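Comments concern the structure below.
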Amino acid sequence: MGKGDQLLEHVLIKYRWLFVCFFLLPASFLYELWSYFRNLIVFKLSSAPGKHASKVQKVQQQVVFAKRAETFYFKRSASINIINIKTFPLTIIFFQVREWNKNGQQGHMCTARPGWQTMSFRQGLYKKSFYKVEVNLVDVLEIDTENKTVRVEPLVSMGQLSASLAPLGWTIPIVPEIDDLTVGGLILGTGIESSSHQFGLFQHICVEYELVLADGSLVTVTKDSDPDLFYAVPWSYGTLGFLTAAKIMIVPCTKFIKLNYKPVYSLNDAVKEFSEASASKNQFVEGIMFTLNKGVIMTGNMIDEPQPCDKVNKIGLWHKPWFFKHVESFLVTGKRASEILPLRDYYHRHTRSIFWELQDIVPFGNNRLFRLCMGWLMPPKISFLKLTQTDAVKRLYENNHIIQDMLVPITNLKESMQMFNKETKVYPIWLCPFKLPADPGMLCAPKERMFVDIGIYGVPDPSVNFKPMETTRKIEEFVQKCEGFQMLYADTYTTKEEFRRMFDHTLYDRVRSKLACTKAFPEVYDKVSRAARY
Ligand SMILES: Cc1cc2nc3c(=O)[nH]c(=O)nc-3n(C[C@H](O)[C@H](O)[C@H](O)COP(=O)(O)OP(=O)(O)OC[C@H]3O[C@@H](n4cnc5c(N)ncnc54)[C@H](O)[C@@H]3O)c2cc1C
Ligand SMILES: NC(=O)C1=CN([C@@H]2O[C@H](COP(=O)(O)OP(=O)(O)OC[C@H]3O[C@@H](n4cnc5c(N)ncnc54)[C@H](OP(=O)(O)O)[C@@H]3O)[C@@H](O)[C@H]2O)C=CC1
Ligand SMILES: CC(C)=CCC[C@@H](C)[C@H]1CC[C@H]2C3=C(CC[C@]12C)[C@@]1(C)CC[C@H](O)C[C@@H]1CC3
């Protein structure tokens, strides 16, 4: 790399905040404004539920179209005369698909959602070559308080859903923190939150899926109607069919939560407090470790109304300190503390600082003056950050940054923390317990167990000699030994064999062959592995 390039790379990385503050923040704001009014109009016209069936039909048509195109291809190989004037346009598009095949690509299908819009760390290479099916389904369809369910389309985001349910006194039991996470992504990938020790992962609060299958047919499945397909859907990453709606449990909620902060000053204490909290009746449990030996364990419960003497801390307000910084302040006082937070502020507590990722992009983002003047514009949309990152920034994240969530049995928490400390020394670390029921599927386990999600997001300490591939592979190997799992929105460097050992493919393979998925969709590994993403 020449000197000029090096200088440019330095400027692009060091001064990314200039671009973020003066371009991305206003752009994100305008985008939010547009989607707010769009949602409002859709809601006011109440048109969304009525249009669901016709929107689903469009998905079916595209799948059938893709399928028909395939048939034409095979017929064409037998005889060129099969092309008639009516089918000619289909054939042209289909030939493009086959052209890609010639280049070593597969004629598989994926959703047309561009890779930059997703909350996965990288973009799928396959988005460039697969047959893209528009699944433009963005609405909340029905809130059924009698049966305690909400029926939603797959592109409904967590911000949108909590905004729809909270004013009515309801919530889904697990609200993953980042506003832009979508129902579809959380079901076909996975979702977790600080209430997961009681409810499990996002898949465990879903009661019904509506899917368009590889042959274009529409099915609605529950655990009773088709247990195989129902349990195979989570973690399938869109490789069994297209999700067009899901029914999710809802539970009553109040407007406030009482959050208790317990500072801990040794790893043993942290593990003990965290494990006890995870087994407790508290509705919310979360830990943030600021070093291997120092952290804060939080437990929370919804409350009806604050007492007149209670001070409500509206942590979601633009001028408030970033949540993880606020939590860190309890380490200074060293005392247990409690406070009342508005429930939605709690749910979206990591949104404004994108956990602690934003401090690397806008280093002064938590400065009081900055918050007062510009805080209302924060955070930039993750999708916009992704869309506008230069190759230099990509390389920076590739070589000097780790983003991983490792799911290990809670009994392995201490050794996992020690291992991650040795290999990365990245802090803060996010700890979130979750219950893993003994359900069939990718995470099939013989009995229900408590797990913990250990989230490592940041720049490894220079003392550990971080090498992205080798370090991640060591961590993956460790997690596998613990009978744990890796979240797949991040990079996985496992080989296909290792991946199949980590995730139980028995049910998945059976359902794929039953539903003739092999021609229509790739395997999960071929969508999520590092080699399949850029
Ligand atoms: C009965 C009912 C039915 C509805 N049906 C539909 C429907 O069919 N289709 C549809 O699209 N919408 C529906 N809505 C949603 C309604 O349109 C929403 O109010 C609208 O989408 C605005 O959502 P919002 O998230 O932009 O709003 P806001 O609440 O103004 O939020 C703006 C943004 O800030 C975030 N935010 C809000 N509070 C906090 C906080 N404390 N901390 C951090 N971030 C925060 C939000 O997540 C969001 O991204 C329905 C609402 C109700 C009550
Ligand atoms: N707290 C949490 O739980 C967090 C979770 N995450 C992760 O982020 C990801 C979710 O991000 P999000 O942007 O919402 O989703 P994505 O667009 O990243 O979707 C994830 C996968 O689900 C597939 N998919 C999504 N919708 C459909 C559909 N309707 N039909 C078929 N396949 C579909 C996608 O297929 P295709 O590739 O074909 O589009 C993709 O493989 C998950 O992997 C989740 O684990 C990230 C941060 C926090
Ligand atoms: C709570 C759980 C289970 C996961 C949280 C993961 C997030 C911290 C990451 C998910 C996608 C990540 C991206 C970035 C930061 C970390 C995540 C939000 C970037 C914004 C970092 C800067 C890059 O230029 C773009 C990244 C996009 C994805």
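In this text the structure is predicted, and so the values were computed from the model without any measurement. Along the sequence shown, residues are numbered consecutively beginning with 1. One-based numbering, in listed order, for ligands and for the atoms of each. Any value given below was found using the heavy atoms of this structure, including those in side chains, with hydrogens, waters and symmetry copies removed.
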Could you tell me whether ligand 2 has any atom less than 4.0 Å away from a heavy atom of K127?
yes

Identity and distance of the protein heavy atom lying nearest atom 32 (N) of ligand 2
G238 CA, 3.3 Å

If the cut-off is 4.0 Å to any non-hydrogen atom of E177, which atoms of ligand 2 fall inside it?
1 (N)

Do me a favour and list the nearest non-hydrogen protein atom to atom 42 (C) of ligand 2 with residue, atom name and distance?
G185 O, 3.5 Å

Can you report which non-hydrogen protein atom sits closest to atom 40 (C) of ligand 2, along with the distance?
Y237 CD2, 4.1 Å

F242 versus ligand 2: do any nitrogen or oxygen atoms come within less than 3.5 Å of each other?
no

Any N/O of Q117 closer than 3.5 Å to an N/O of ligand 2?
no

Any nitrogen or oxygen of P176 lying under 3.5 Å from a nitrogen or oxygen in ligand 2? Just yes or no.
no

Sequence neighbours excluded, which residues qualify as side-chain hydrogen bond (donor to acceptor under 3.5 Å, both in side chains) partners of T220?
none

So, 4.0 Å and heavy atoms of S157: is ligand 2 close enough to count as a contact?
no

Do any N or O atoms from the side chain of D226 and from the backbone of L229 form a donor-acceptor pair under 3.5 angstrom?
yes

What's the shortest heavy-atom distance between H348 and G159, and which atoms?
CE1-CA, 3.9 Å

What protein heavy atom is closest to atom 6 (N) of ligand 2, reported as residue, atom name and distance in Å?
L181 CD2, 3.6 Å

Check: F274 ring centre within less than 6.0 Å of H197 ring centre:
no

Centroid-centroid under 6.0 Å between F242 and F521 rings
yes

Should the ring pair F434 and F451 be called parallel, tilted or perpendicular, given that the plane angle runs from 0 to 90° and is split at 30 and 60?
tilted

In terms of ring plane angle, is the pair W116 and F384 parallel, tilted or perpendicular, where the classes change at 30° and 60°?
tilted

Out of I192, T118, L155, indicate the one that has the non-hydrogen atom closest to atom 2 (C) of ligand 2.
I192

Decide, yes or no, whether a salt bridge links R122 with D491 under the criterion of side-chain N to carboxylate O below 4.0 Å.
yes

Positive for side-chain hydrogen bond (donor to acceptor under 3.5 Å, both in side chains) with Y427, one of D461, N421, T291:
N421

Compute the centroid of each ring, for F324 and then for W430, and state whether the two points are separated by less than 6.0 Å.
no

Could you check whether R16 makes a cation-pi contact with F19, meaning its NZ or CZ is under 6.0 Å from the centre of the six-membered ring and within 45° of the ring axis?
no

Purely on distance, is any nitrogen or oxygen of Y489 under 3.5 Å from one on ligand 2?
no

Between Q486 and T492, does a side chain to side chain donor-acceptor pair (under 3.5 Å) hold up when you go through it step by step?
CA-CA 8 Å; Q486 180 174 29; T492 175; 2.9 Å; yes

Has L488 got any heavy atom lying under 4.0 angstrom from an atom of ligand 2?
no

Residues K381 and E32 bridged, charged N to O under 4.0 Å
yes

Is the shortest N/O to N/O distance between T244 and ligand 2 below 3.5 Å?
no

Consider ligand 2: state whether an atom of it lies below 4.0 angstrom from any non-hydrogen atom of S120.
yes

Lys/Arg-Asp/Glu bridge criterion (N-O < 4.0 Å) met for E398, R533:
no

Check whether NZ of the Lys or CZ of the Arg K527 lies under 6.0 Å from the centre of the six-membered ring of F130 and within 45 degrees of that ring's axis.
no

Below a 4.0 angstrom heavy-atom separation, can you tell me which part of E193, side chain or backbone, both or neither, approaches ligand 2?
neither

Numbering as shown, the atoms of ligand 2 that approach G191 to under 4.0 Å (heavy-atom distance)
3 (O)

Compute the shortest N/O to N/O distance between D180 and ligand 2 and return yes if it is under 3.5 Å, no if not.
no

Name the orientation class of the two ring planes belonging to F499 and F503 (parallel below 30°, tilted from 30 to 60°, perpendicular beyond 60°).
tilted

Of all the non-hydrogen atoms in the protein, which one sits nearest to atom 14 (O) of ligand 2, and at what distance?
T182 OG1, 2.6 Å

What does the N/O contact table under 3.5 Å look like for ligand 3?
unit_1	atom_1	unit_2	atom_2	d
ligand 3	24 (O)	R16	NH1	3.0
ligand 3	24 (O)	R16	NH2	2.8
ligand 3	24 (O)	Q389	OE1	2.6

Atom indices of ligand 2 within 4.0 angstrom of L243 heavy atoms, with elements
28 (C), 29 (N), 30 (N), 31 (C)

Using distance alone, determine whether I178 and ligand 2 share an N or O pair under 3.5 Å.
no

Determine whether the side chain, the backbone, both or neither of P154 has a heavy atom under 4.0 Å from any heavy atom of ligand 2.
side chain

What is the closest protein heavy atom to atom 27 (C) of ligand 2, and at what distance does it sit?
L188 CD1, 3.4 Å

In terms of residue, atom name and distance, what is the protein heavy atom nearest to atom 31 (C) of ligand 2?
G241 O, 3.5 Å

Between D139 and K55, is the closest basic N to carboxylate O distance under 4.0 Å?
yes

Closer than 4.0 angstrom: is that true for some heavy atom of Y126 and an atom of ligand 2?
yes

Those atoms of ligand 2 less than 4.0 Å from some heavy atom in G184
25 (C), 26 (N)

If you take the nearest heavy atom of each of I187, T190, T111, which one is closest to atom 44 (C) of ligand 2?
T190

Would you call E142 and R151 a salt bridge, using N to O less than 4.0 angstrom?
no

List every atom of ligand 2 that sits less than 4.0 Å from any heavy atom of C110, numbering the atoms from 1 in the order shown and giving each element.
38 (O)

Where ligand 2 meets K527 - atom numbers and elements under 4.0 angstrom, heavy-atom basis
35 (O), 36 (P), 37 (O), 38 (O), 41 (O)

Heavy-atom check, side chain of Y489 versus side chain of D405, under 4.5 Å
yes

What protein heavy atom lies closest to atom 17 (O) of ligand 2? Include the residue and the distance to one decimal.
R113 NH1, 2.9 Å

Over 12 foreign heavy atoms within 6.0 Å of CZ, F364:
yes

Look at the aromatic rings of W356 and H350 and report parallel, tilted or perpendicular, splitting at 30° and 60°.
perpendicular

